Each structure stands twice: as structure tokens, then as C-alpha cells.
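Read through the structure below, which is laid out as C-alpha cells, and then see the notes.
The shown structure was predicted, so the numbers you read here are calculated from the model rather than taken from an experiment.
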Amino acid sequence: PSGDMPKFDKVVKAAMKYWDDVLSVRADFGNERENGIYRNLQFCNLQLLLDPWRTGKDSHLMPCQGGTSERFYSWVWEAMCSLRPMTRLGHAAPIRKVLEYILRLQDGGCPPEGDFTTLSGAIGTTGPRWANTTGAALLLATDYIRYSEDEDFKKRHLGDLIRAAKWIL
């Protein structure tokens, strides 16, 4: 059709261009439906990362989950589940920012709840204070280091990761 596109269509087109530029890995399965599913799985995971700080060297992303009153809690287990596959797809930059945020919760004001001998090294969360948060953070961090080969991150946080592992043991 000729003429101006409706405003909604323009917005959708602009959003698709933005997200297509963000995606670091593309695949062609030879089928547009399957290509769309693959692209949308990446969109789904990336859209749950909030950047309330947006500027500065220490900018990081807060992993959330959508749609409920609990959207703005950090869900470390859920972040690990959705972002681990993204490490293999080359989304190193946003995952590093998420990990920077998660590791700030270590020894912080939101520790896991339970009868522990110590909380030193434990990684907390702003959502439900589950004990599995530390292990989830370690799993995501080790996958990130393995697939990104980010030596700077490894050097900067290896001590934090060892303390987290020792807390689990």
C-alpha cells in the first residue's frame, strides 16, 4: 500500500529494527516462522533486563520478570535460567551487566533466609530470599566466563565467586 503507514506500524517497524540491531546472533532455519521463534526467544529474555542506572562506568542491568507486582524484584534463579542460553548466543555485554548487578548483592542487605552458620559469601536477591540464589549466580557466572572468555571479569570477580562457592560448601 502507498501513503503513510499507520502510527502503530511505524512503531513496530522501528522496534523491530532496534531489536534486530541488538541481537548479536542471527540464524536462518530456512523457515520464516522458525526464524521468528528464535528471534522472539532472544527478545523475550532481553526485554526483562532493566537499566535504571543507564550511565557511568558501573552501569549494570537488573534482571526482572514481567507483568506482575513483583516485576521489579531481582530473580536470580530465573535470570540464570533465561540468560544461560544467551551466553552461548553471544550476548556477553548484557549478561556481564546483569552479573555485575547480581554480584553487588553478595554480602548485602538481602541475604538468603534460613539457619546458616554464616552468610559470608552468600549472594542475595531482592525477591524471595531463597538459598539457591548463590548457586544460580555461580552457574551463570561460570557459563559467562566460559563462553565470553572475558578475562577482565574473571580477574575482577574470581575472589567473589570463590567466596560464593565456599558459602555453598
Side-chain angles (χ1 to χ4, degrees), residues 1-105 123-128 130 132-157 161 164:
S2 62
D4 290 328
M5 288 192 303
K7 185 175 182 177
F8 176 79
D9 290 343
K10 285 182 181 181
V11 170
V12 169
K13 186 175 179 180
M16 291 304 294
K17 180 180 179 345
Y18 169 81
W19 283 110
D20 281 342
D21 290 346
V22 167
L23 298 180
S24 57
V25 175
R26 289 176 178 64
D28 187 349
F29 298 102
N31 176 300
E32 187 52 40
R33 181 175 179 271
E34 290 175 5
N35 292 346
I37 291 169
Y38 178 75
R39 184 175 57 245
N40 288 331
L41 286 171
Q42 293 178 76
F43 294 162
C44 181
N45 289 333
L46 293 173
Q47 61 96 17
L48 294 175
L49 306 178
L50 298 181
D51 187 3
W53 299 274
R54 295 194 195 271
T55 59
K57 180 182 171 205
D58 292 328
S59 176
H60 50 272
L61 294 173
M62 186 173 78
C64 300
Q65 63 186 47
T68 71
S69 61
E70 297 177 337
R71 172 177 167 79
F72 298 108
Y73 288 143
S74 294
W75 299 81
V76 177
W77 173 263
E78 287 78 0
M80 178 273 297
C81 290
S82 66
L83 294 177
R84 277 188 72 211
M86 303 296 278
T87 62
R88 294 170 177 93
L89 295 176
H91 293 280
I95 293 169
R96 179 180 174 139
K97 287 185 171 192
V98 167
L99 285 166
E100 295 286 354
Y101 174 79
I102 289 172
L103 291 173
R104 287 177 184 223
L105 299 172
I123 296 172
T125 183
T126 63
W130 298 330
N132 68 357
T133 300
T134 301
L138 278 173
L139 186 54
L140 181 59
T142 55
D143 265 13
Y144 170 77
I145 291 168
R146 177 180 180 193
Y147 290 102
S148 71
E149 299 177 349
D150 185 341
E151 289 298 321
D152 177 61
F153 179 88
K154 181 179 170 183
K155 182 179 175 183
R156 185 170 168 203
H157 292 292
L161 300 176

- Message: Any heavy-atom pair between the side chains of Asp152 and Arg96 that's under 4.5 Å?
- Response: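 Of all side-chain heavy-atom pairs linking Asp152 with Arg96, at least one is under 4.5 Å.
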- Could you tell me whether the side chain of Leu161 reaches within less than 4.5 Å of the side chain of Ile145, counting heavy atoms only?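 Yes, side chains in contact.
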- Task: State which residues pass ring pair (Phe, Tyr, Trp, His ring centres under 6.0 Å) with Phe153; sequence neighbours excluded, sorted by chain then number.
- Result: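 Ring pair (Phe, Tyr, Trp, His ring centres under 6.0 Å) list for Phe153, sorted by chain: Tyr144, His157.
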From [atom1] ([X]) to [atom2] ([Y]), nearest 0.5 Å:
X: Thr134; Y: Leu139; atom1: OG1; atom2: CG; result: 12.5 Å
X: Ile95; Y: Glu100; atom1: CD1; atom2: CD; result: 13.0 Å
X: Glu78; Y: Leu83; atom1: CD; atom2: CG; result: 11.0 Å
X: Asp150; Y: Arg156; atom1: CG; atom2: CZ; result: 10.0 Å

- Item | Least distance between heavy atoms, Arg84 atom then Leu140 atom | N-CD1, 4.0 Å
- Message: Looking at every heavy atom in both Ile123 and Ala137, which two are closest together, and how far apart are they?
- Response: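 Heavy-atom minimum between the residues: CD1-CB, 3.6 Å.
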- Residue that, paired with Asp143, satisfies side-chain contact (heavy atoms from CB on, under 4.5 Å) out of Arg88, Met86, Met80: Arg88
- With Asn31, which residues qualify under side chain to side chain donor-acceptor pair (under 3.5 Å), at least two apart? none
